[in-house]
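Only one structure is covered here, and it is reproduced in the block below.
In what follows, every chain begins at residue 1, and chains take the letters A, B, ... in the order their sequences are listed.
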Amino acid sequence: MKNAIIQLVQQALDGLKADGSLAADVEASINIERTRDKQHGDFASNIAMMLAKSAGCSPRELAQKIVDKLPASPDLVKAEIAGPGFINFFLAADSSQRVIEDILASTDNYGRSAIGKGKAVQVEFVSANPTGPLHVGHGRGAAYGASVADLLEAVGFKVHREYYVNDAGRQMDILASSVWLRYLELCGEEIAFPVNGYKGDYVWDIAATLHRQNGDNLRHSHESVFIGVPEDEPDGGDKEVHIDALIARAQELLGDKHYRQVFDLGMETILADIRRDLEEFGIVYQDWYSERSLMHSGAVENAIERLKMSGHVYEDNGALWFKSTDFGDEKDRVIVRDNGQTTYFASDIAYHAEKLERGFDRVIDVWGADHHGYVPRVRAALQALGDDDAKLDVLLVQFAILYRGGEKAQMSTRSGEFVTLRELRHEVGNDAARFFYVMRKCEQHMDFDLDLAKSQSSDNPVYYIQYAHARLCSVKRQLLEKNLSRDIGRGQASLSLLTESHEQDLMTALAKYPEVVEKAAINHEPHQLAHFLRDLANCVHTYYNAHVFLVDDENLRDARMNLVEAARQVLANGLKLLGVSAPESM
RNA sequence: GCGCCCGUAGCUCAGCUGGAUAGAGCAACAGGCUUCGAACCUGUGGGUCGGGAGUUCGAAUCUCUCCGGGCGCGCCA
């Protein structure tokens, strides 16, 4: 409908150019917006104010000329000039009724479009280190990334969801050592557990599995484990140095094969847990991409070689540096350490280069906001490699700050003191969690009051929307129970009976849905859809309270039932895109 | 110190990329079930859009500058 009006205005402008009222070289992008106030009609344009200067007359005068040249259209009842020079368009009633027909014909597909057709987009999100279960902070990235991906799919993109598994770094070695030390404790050794180790209960669980599988075969005396290991922090040492030495001892004492066994058990157990967690949250990935595989395939080496060839690499202090300052980064970055190991950044360069090589038209990274300083160096690397970094979108999700009992709750995977995503899901339910996370735009800091979310979850607007859906389903059930007939065709033929203002409002809202989906997808803003659904539910509830649907007049009843079904369908479609269920009763 | 994000009603947040009288939800107050589900609806009160300057027909929105809060600035990942 919007496009139809743009066409009409364009024709009017062409007409003005033809009779010389407007210079032929005036180019304007015609902006048609939905009005906020019904008194201003259904759509409005500011085109006259935009072009007044170049037309050499006042905005209102120009607006009048445009209106005079406007071709007749069955959709349009009138166009009037208002305020400083707005042109307000009033739609014919039957043009708004047409949306019901649309929705009933398209069902699940209503709101989907093809603007992304033929384009492939990759969305990488969560990608938390597999060193422990996901916590509530990860939940926001999960819910947000999933909704962005689903929205993009809805508007026609071919979407590839991916989880980047950091299975090669030092953190994983710390996990492996933590597991082994707990295992030794289970064997009966007395271990002074390192401050920097992972202390969560899940580490005990993995250690228990390890013990079940191996008995005491991987046991070494606690004396031998700590030979040559410097003091831990509480004893006046450095906790980082301490844990690194412990890792080295673990590797020495266990040997490659057994160390690997401990390492893999820890990683695979946690990864499987994360995968199950996310699946239960309604999130399924097309790919779990291993950092280690990049190293083994030579992709990292290859990327470093390509960087060297680009001339933006130099050696200093025994390390290899990427001169990212050539591309606007604050400082240069190490890609190969003086001990010969490549850095995480080196892997990430290879990973991003590889993403683009896979042929995606767009690559989206969803990161926690604490990684924002990382963006310039990744872009720098892509530019140095000659890749098009404009294809990369990095979406930064601000932290969800947790409050418990009115106080900020601390989160730390190391200490094991955190609320897991799973705990949250079980407390407030998947639907409320998915919706709550996505209600705010991602760059907004989010206060997550755990007590409120847990104890008073009925305050969550998700129930308001779901209730609207359930109510409409209930009406359909009532129709059957009362043995009333329903004829969809008769309803379609009677849509002109839907003259109540509540009905008009509802139809207008329904017609807006495809625009909302499109905008939410393109701007990566699922919160727009969340807010729309709340408004739509409001229209439904208001209508429900003001009018009885199951009236005796079967023409009116069928018309209303068609509207009811259309509204139900749109609520269901929208909730689905946010990963929230649309219950038929609750 | 430098960089990114944020500041809108008592609280939590929208505000459609510069438009018309700044909006919702909680909270407060006053009403509405014998009728399709009251997890709902109707109404009332509540604002220096952090402060100041600039850009123009027009600014919560864009620019600058202060103030306040969050995060980041490793040969960690």
Side-chain angles (χ1 to χ4, degrees), chain A residues 31 33-37 39-40 44 46 49-50 52-53 58-59 82-86 88 127-129 131 166 168-172 174 240 291 316-321 330-331 333-345 347-348 368-376 396 398-399 401 439-449 452 456 458-461 463-464 466-468 470-479 481-482 484 512 515-516 519-520 523 525 527-528 530-532 534-535 537-538 540-551 557 560-561 564 585-586:
Chain A
N31 192 13
E33 291 179 333
R34 283 194 180 270
T35 55
R36 212 174 294 178
D37 189 335
Q39 291 184 340
H40 300 137
N46 60 356
M49 287 179 284
M50 303 286 284
K53 248 183 195 169
S58 80
F86 289 103
N88 293 334
S127 298
N129 283 351
T131 54
N166 300 127
R170 173 169 171 266
Q171 296 306 322
M172 294 306 298
I174 295 177
E240 306 290 348
E291 177 187 2
D316 187 43
N317 261 329
L320 199 64
W321 295 71
E330 290 176 349
K331 54 177 82 167
R333 311 292 174 177
V334 172
I335 48 177
V336 182
R337 292 197 277 265
D338 58 3
N339 64 8
Q341 286 186 328
T342 57
T343 59
Y344 171 83
F345 179 45
S347 300
D348 228 16
D370 54 334
H371 284 67
H372 73 255
Y374 204 76
V375 179
L396 297 171
Q398 291 290 334
F399 274 0
I401 304 165
M439 245 166 49
R440 278 116 209 220
K441 55 183 179 204
C442 67
E443 62 264 35
Q444 180 70 246
H445 297 268
M446 186 163 106
D447 289 338
F448 204 125
D449 188 326
L452 185 74
Q456 293 178 283
S458 64
D459 283 347
N460 197 306
Y463 296 109
Y464 182 83
Q466 289 181 317
Y467 181 48
R471 259 182 152 179
L472 298 183
C473 290
S474 173
V475 171
K476 289 168 70 181
R477 281 194 299 271
Q478 282 294 321
L479 186 79
E481 281 174 27
K482 292 184 176 175
L484 297 169
K512 231 191 303 195
E515 297 165 27
V516 171
K519 198 166 288 176
N523 294 329
E525 289 181 342
H527 78 272
Q528 287 196 29
H531 284 275
F532 167 82
R534 212 245 145 232
D535 290 344
N538 182 37
V540 168
H541 286 308
T542 307
Y543 180 35
Y544 186 99
N545 274 60
H547 300 283
V548 176
F549 305 153
L550 302 179
V551 291
R557 185 173 72 221
R560 286 186 170 166
M561 283 312 295
V564 161
S585 64
M586 50 195 290

Applying the Watson-Crick and G-U wobble criteria at under 3.5 Å, what pairs with [N]? Answer none if nothing qualifies.
N: B:rU63; result: B:rA53
N: B:rC16; result: none
N: B:rG1; result: B:rC73

Measure the distance between the ring centre of A:Phe86 and the centre of the six-membered base ring of B:rA20, then answer whether it is under 5.5 Å with planes under 30°. yes
Can you check whether any acceptor in the base of B:rG3 is under 3.5 Å from a donor in the side chain of A:His372, or vice versa?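 Under the 3.5 Å cut-off, the side chain and the base do form a donor-acceptor pair.
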Quiz question: going by heavy-atom distance under 3.5 Å, is there a donor-acceptor pair between the base of B:rG72 and the side chain of A:Asp370? no
For A:Gly318 and A:His40, find the nucleotide of RNA chain B closest to each by heavy atoms; which residue's nucleotide sits nearer the 5' end?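 This one resolves to A:His40.
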Judged by nearest nucleotide, the residue sitting upstream toward the 5' end of RNA chain B, A:Asn129 or A:Met49, is A:Met49
Spacing of the P atoms in B:rC6 and B:rU42 (rounded, Å):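 After rounding to an integer number of Å, I get 33 Å for this pair.
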Spacing of the P atoms in B:rA9 and B:rG23 (rounded, Å):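 Taking atom P in both B:rG23 and B:rA9, they lie 14 Å apart.
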Mind telling me if B:rC13 is syn or anti? Syn here is a glycosidic angle within 90° of 0. anti
Look at [X] and [N] and indicate whether a side-chain polar atom (N or O) is within less than 4.0 Å of OP1 or OP2.
X: A:Arg534; N: B:rC13; result: no
X: A:Tyr463; N: B:rA39; result: no
X: A:Gln478; N: B:rG37; result: yes

Integer-rounded Å distance: [N] [atom2] and [X] [atom1]:
X: A:Asn538; N: B:rG25; atom1: CG; atom2: P; answer: 7 Å
X: A:His547; N: B:rC41; atom1: NE2; atom2: P; answer: 15 Å
X: A:Tyr543; N: B:rU42; atom1: OH; atom2: C1'; answer: 18 Å

Would A:Arg471 and A:Tyr544 count as a side chain to side chain contact (heavy atoms under 4.5 Å, CB included) if you check the C-alpha gap in whole Å, the side-chain angles of each, and the deciding distance to 0.1 Å? CA-CA 9 Å; A:Arg471 259 182 152 179; A:Tyr544 186 99; 3.4 Å; yes
